[in-house]
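The block underneath contains the structure these notes are about, expressed in structure tokens.
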Amino acid sequence: MVEAIKVRKQVTTHSGSLTILDSINMQILAGESAAIVGASGAGKSTLLGLLAGLDTVSEGDIRLAGQSLSQLDEDGRASIRGKTAGFVFQSFQLLPALTALENVMLPLELQNRRDAKKRAVELLERVGLKERMTHYPGQLSGGEQQRVAIARAFATEPSILFADEPTGNLDQTTGQHIIDLLFEVNREAGTTLILVTHDMALAARCDRTLQLVGGQLVEESDNAVA
Ligand SMILES: Nc1ncnc2c1ncn2[C@@H]1O[C@H](COP(=O)(O)OP(=O)(O)OP(=O)(O)O)[C@@H](O)[C@H]1O
Ligand SMILES: [Mg+2]
């Protein structure tokens with residue numbers, strides 16, 4: 001489903017060239033759940049962005065849903081993303097001028113889904129935001145925005161969900177509810193989950209844990225066997 005082959009990510013800064021990720025090899029199968037863990041600055045968000053085709057590698061390749069991303073231009077990558085992937089960003093990235101409901105409806109409307117509103121309402125109810133549908137992101141708490149972002153990510157029934165700290169802004173009870181929801185969808189719809197998290201309890205519930213240290217993958221554990 002997603003594969004990284006000898007991936008290197010390098011950026012140019014004022015003080016010269018900086019290698020953020022190096023020699024990353026990994027493979028995540030359809031229906032699997034994987035947690036990417038590591039200290040702040042280890043390169044987790046960067047890796048997630050590369051795997052999702054939101055960013056491009058400096059060397060190596062990413063294969064997403066059978067396609068080699070380095071062979072595609074931005075339009076080609078956008079097309080694969082639209083068909084297969086859902087995202088929950090570390091910074092939510094909700095559209096400020098749209099209400100919670102409209103934010104969740106947007107990806108469905110882009111696919112001309114007639115049931116856009118009905119489905120968006122259902123999803124917002126599922127994340128516990130029934131009473132907040134007509135609020136704008138600026139009128140929502142961080143955790144509420146997080147939940148809108150999660151509802152939006154699930155809207156188009158992606159075959160793979162990428163989530164950067166999906167429970168980072170949530171209290172324990174709400175976080176647990178969201179985790180249960182993620183794994184429910186993983187089970188029911190066979191959605192592949194790739195999660196960045198600091199939460200070891202969440203990581204332990206994933207099939208696999210990938211640990212990044214200073215831009216390198218140092219440990220891969222199979223949680224089912226461990
Ligand atoms: N565009 C960029 N230009 C320069 N440096 C960058 C860029 N993007 C990321 N970095 C650096 O690369 C490193 C990895 O960043 P990344 O956001 O992937 O870390 P992270 O593991 O997600 O951290 P956190 O847990 O704090 O979210 C950091 O040191 C960051 O400062
Ligand atoms: Mg990050």
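Order of appearance sets the numbers: ligands from 1, and atoms from 1 within every ligand. Below, each value reflects all heavy atoms present in this structure, side chains not excepted, and no hydrogens, waters or symmetry copies.
Interface of L18 with ligand 1, defined as ligand atoms under 4.0 Å from a residue heavy atom, comprises 5 (N). Taking every heavy atom of T46 and a limit of under 4.0 angstrom, the matching atoms of ligand 1 come to 15 (O), 16 (P), 18 (O). Every atom of ligand 1 with a heavy atom of Q90 under 4.0 Å away is listed here by number and element: 27 (O). Short contacts between ligand 1 and V11, defined as distances under 4.0 Å to a heavy atom of the residue, involve ligand atoms 3 (N), 4 (C), 5 (N). Contact atoms of ligand 1 toward T13: 4 (C) (distance under 4.0 Å to a heavy atom of the residue). Close contacts of ligand 1 with S45, meaning ligand atoms under 4.0 Å from a residue heavy atom, involve 17 (O), 18 (O), 20 (P), 22 (O), 27 (O).
Under the 4.0 Å distance rule, the nearest protein heavy atom to atom 25 (O) of ligand 1 falls inside the cut-off. For atom 9 (C) of ligand 1, the nearest protein heavy atom lies under 4.0 Å away.
Using 4.0 Å as the threshold, A39 has a heavy atom nearer than that to some atom of ligand 1. The shortest heavy-atom distance from G38 to ligand 1 is not under 4.0 Å. The closest approach between any non-hydrogen atom of H198 and ligand 1 is below 4.0 Å.
No side-chain donor from either of T191 and N186 sits under 3.5 Å from a side-chain acceptor of the other. Counted by atom type alone, S17 and Q10 present one or more donor-acceptor pairs between their side chains at under 3.5 Å. With no hydrogens or angles considered, no side-chain donor-acceptor pair links S33 and R208 at under 3.5 Å.
For the residue pair A65 and T84, the shortest heavy atom distance occurs at CB-CG2, 3.9 Å. Contact record, D61 with S70: OD1-OG, 2.9 Å, taken as the closest heavy-atom pair. Closest heavy-atom contact between V218 and V213: CG2-CG2, 3.6 Å. Across all non-hydrogen atoms, the minimal contact from A34 to I28 is CB-CD1, 3.7 Å.
Taking atom 12 (O) of ligand 1 as the reference point, the nearest protein heavy-atom neighbour is I20 CG2, 3.3 Å. Of the protein's heavy atoms, G41 O, 3.5 Å lies nearest to atom 13 (C) of ligand 1.
Residues M105 and K117 are in side-chain contact: their nearest non-hydrogen atoms beyond the backbone lie under 4.5 Å apart.
Remark: of the listed residues R8, K6, K9, R8 is the sole one forming a side-chain hydrogen bond (donor to acceptor under 3.5 Å, both in side chains) with D22.
Listed by chain and number, the protein N, O or S atoms at a distance under 2.8 Å from the Mg ion (ligand 2) are S45 OG, Q90 OE1.
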| task | Mind running salt bridge (Lys or Arg N to Asp or Glu O under 4.0 Å) on R126 and E184 for me, showing each step along the way? | result | CA-CA 12 Å; R126 239 178 136 175; E184 229 170 84; 2.5 Å; yes
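Counting only distance, with no hydrogens or angles, the side chain of Q146 and the backbone of F92 share no donor-acceptor pair below 3.5 Å.
Atoms CD1 and CZ, from I194 and F162 in turn, are 4.5 Å apart once rounded to the nearest 0.5 Å.
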